[in-house]
Amino acid sequence: MSQPPGNQLFDAYFTARGMREVFCDKGRVQGMLDFEAALARAEACVGIIPQAAVAPIEAACQADFYDFQALGQAIALAGNSAIPLVKALGKQISLSDAAAERHVHLGATSQDVMDTGLVLQLRDALGLIETDLSRLGVALARQATAHQTTPLAGRTWLQHATPVTLGMKIAGWLGALNRSRQRLRELKPRLLSLQFGGASGTLAALGENAWPVAQALASELTLNLPEQPWHTQRDRLVEFASVLGLIAGSLGKLGRDVSLLMQTEAAEVFEPAAAGKGGSSTMPHKRNPVGAAVLIGAATRVPGLLATMYSAMPQEHERSLGLWHAEWETLPEICCLVSGALQQALALVEGLEVDAARMRRNLDLTQGLVLAEAVSIVLAQRLGRDAAHHLLEHCCKKAVAEQRHLRAVLGEEPQVTAELSAGELDRLLDPAHYLGQAQRWVERAVAEHTELSA
């Protein structure tokens with residue numbers, strides 16, 4: 001049995017369904033048709049087309065009326081999607097009102113249709129992304145708070161460092177996404193801007209009515225009216241793509257951390273279990289980080305797509321050849337990849353499984369060495385920094401060579417016991433007492449999330 005073309009094998013894994021619907025053929029066509037319907041209303045409002053023409057034009061602006069395969073074939077000759085669509089729209093209008101067909105697309109150019117249609121799609125895409133970021137923020141804030149005092153080994157250069165808390169690590173993920181939510185809010189007025197300039201950006205075809213039509217059109221579409229058309233000034237789109245790139249990178253960081261914590265040797269944090277999830281075709285015992293893989297995959301793919309968006313910025317004169325075309329599939333793909341990563345991140349964080357006991361056992365793998373700094377800092381105040389550092393360095397080397405716990409070695413060192421009691425040593429070598437400002441960092445990230453969500 002033959003299957004329709006598409007990405008059915010991977011879409012559910014890499015892309016959220018809602019985002020795929022925004023950027024499917026129907027979504028693209030409907031965005032352009034929404035522009036044409038709004039243009040007719042705006043021009044009728046200003047009085048340059050008859051009010052009677054609006055209803056037939058609006059009635060024809062339904063994507064379901066159009067053959068996407070035929071449009072695709074026509075695009076190969078026309079060079080863009082608006083040209084064949086406007087022709088097909090005219091034919092559809094003529095079926096009910098031949099006179100109204102004369103008034104469609106008046107004063108606009110193909111790029112006006114395509115760019116504004118894209119902006120309408122991006123508005124929907126932005127709404128989906130903001131909703132998912134908000135939901136993910138709630139889940140991260142909850143997990144960070146729940147584990148704000150759960151100690152685990154900090155890792156620098158992939159080696160055990162001083163203790164941190166799981167809540168602090170999660171708060172780091174949350175803070176990065178908080179900042180991206182702020183960036184999206186800041187760029188939204190710039191991104192959601194009408195494109196309407198006509199043949200070369202002057203709207204000369206509409207004469208003195210051009211500005212009133214532009215104002216009415218922006219109002220009809222609930223878009224901002226920019227200072228001028230932006231046919232070859234693509235910074236708005238690239239800015240949005242860039243923030244999506246930051247989101248992808250931040251989610252990739254989350255996925256990377258979780259995948260490392262899921263390694264057999266660590267086994268401290270796990271993606272939520274589910275029937276058939278993360279298995280192997282040959283190894284029954286496997287529990288692979290399949291959600292984290294999507295996050296890392298998106299963070300790997302998006303930068304290359306961003307490079308395309310940046311490379312397409314130096315567009316020629318008033319209409320670009322090829323550089324504009326390079327954006328058409330690139331920005332939607334970025335949106336889809338980020339949506340899929342957000343979808344996987346949400347499932348991962350909401351059902352995160354934590355083994356606090358394993359974290360504590362792993363903290364003891366170095367037999368107290370990760371707390372050497374804590375002892376050194378206290379001794380430095382009594383013996384001097386260099387003397388304390390060299391003393392602890394000597395004790396650490398001895399503990400490693402003799403395969404003994406640092407506490408035992410320190411307890412036998414006269415220079416140490418002369419300054420620190422047994423109780424002080426026990427406290428200094430307890431990870432729970434060397435967590436610094438970890439709890440404060442959690443509280444600050446959660447407070448920022450709460451403020452953003454208010």
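Each residue takes its place number in the sequence, starting with 1. Computation of the quantities below employed the complete heavy-atom set of this structure, encompassing side-chain atoms and omitting hydrogens, waters and symmetry-equivalent molecules.
Defined by atom type and a distance below 3.5 Å, a donor-acceptor pair is present between the side-chain atoms of E268 and N362. Donor-acceptor pairing under 3.5 Å is lacking for the side chains of E318 and Q111. E373 and Y434 share a side-chain donor-acceptor pair at under 3.5 Å.
Side-chain contact between P289 and V258 is absent, with no heavy-atom pair separated by less than 4.5 Å. Between L133 and E130 there is no side-chain heavy-atom pair separated by less than 4.5 Å. Counting heavy atoms from C-beta outward, R28 and S81 have side chains that stay 4.5 Å or more apart. Residues L89 and V104 have side chains in contact (heavy-atom distance under 4.5 Å, counting atoms from C-beta outward).
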Run the numbers on E271 and Q344 for side chain to side chain donor-acceptor pair (under 3.5 Å), then give the verdict. CA-CA 10 Å; E271 293 184 2; Q344 293 284 350; over 6 Å; no
Between E333 and T330, is a side chain to side chain contact (heavy atoms under 4.5 Å, CB included) present by the stated rule, with each step listed? CA-CA 5 Å; E333 187 174 357; T330 303; 5.9 Å; no
Just do the side chain to side chain contact (heavy atoms under 4.5 Å, CB included) check on I247 and L184 with the steps written out, would you? CA-CA 10 Å; I247 294 171; L184 288 176; 4.0 Å; yes
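In terms of modelled atom types and a separation under 3.5 Å, the side chain of S219 and the main chain of Q215 share no donor-acceptor contact.
In this structure, the separation between NZ on K188 and CG on N224 is 11.0 Å, given to the nearest 0.5 Å.
The cationic group of R183 does not satisfy the cation-pi geometry with F240, failing either the under 6.0 Å distance to the six-membered ring centre or the 45° limit from the ring axis.
Residue pairs meeting the ring pair (Phe, Tyr, Trp, His ring centres under 6.0 Å) criterion with at least one partner in residues 317-361, sequence neighbours excluded, are W324-W328, H325-W328.
Around atom CZ of R440, no more than 12 heavy atoms belonging to other residues, nucleotides or ligands sit under 6.0 Å away.
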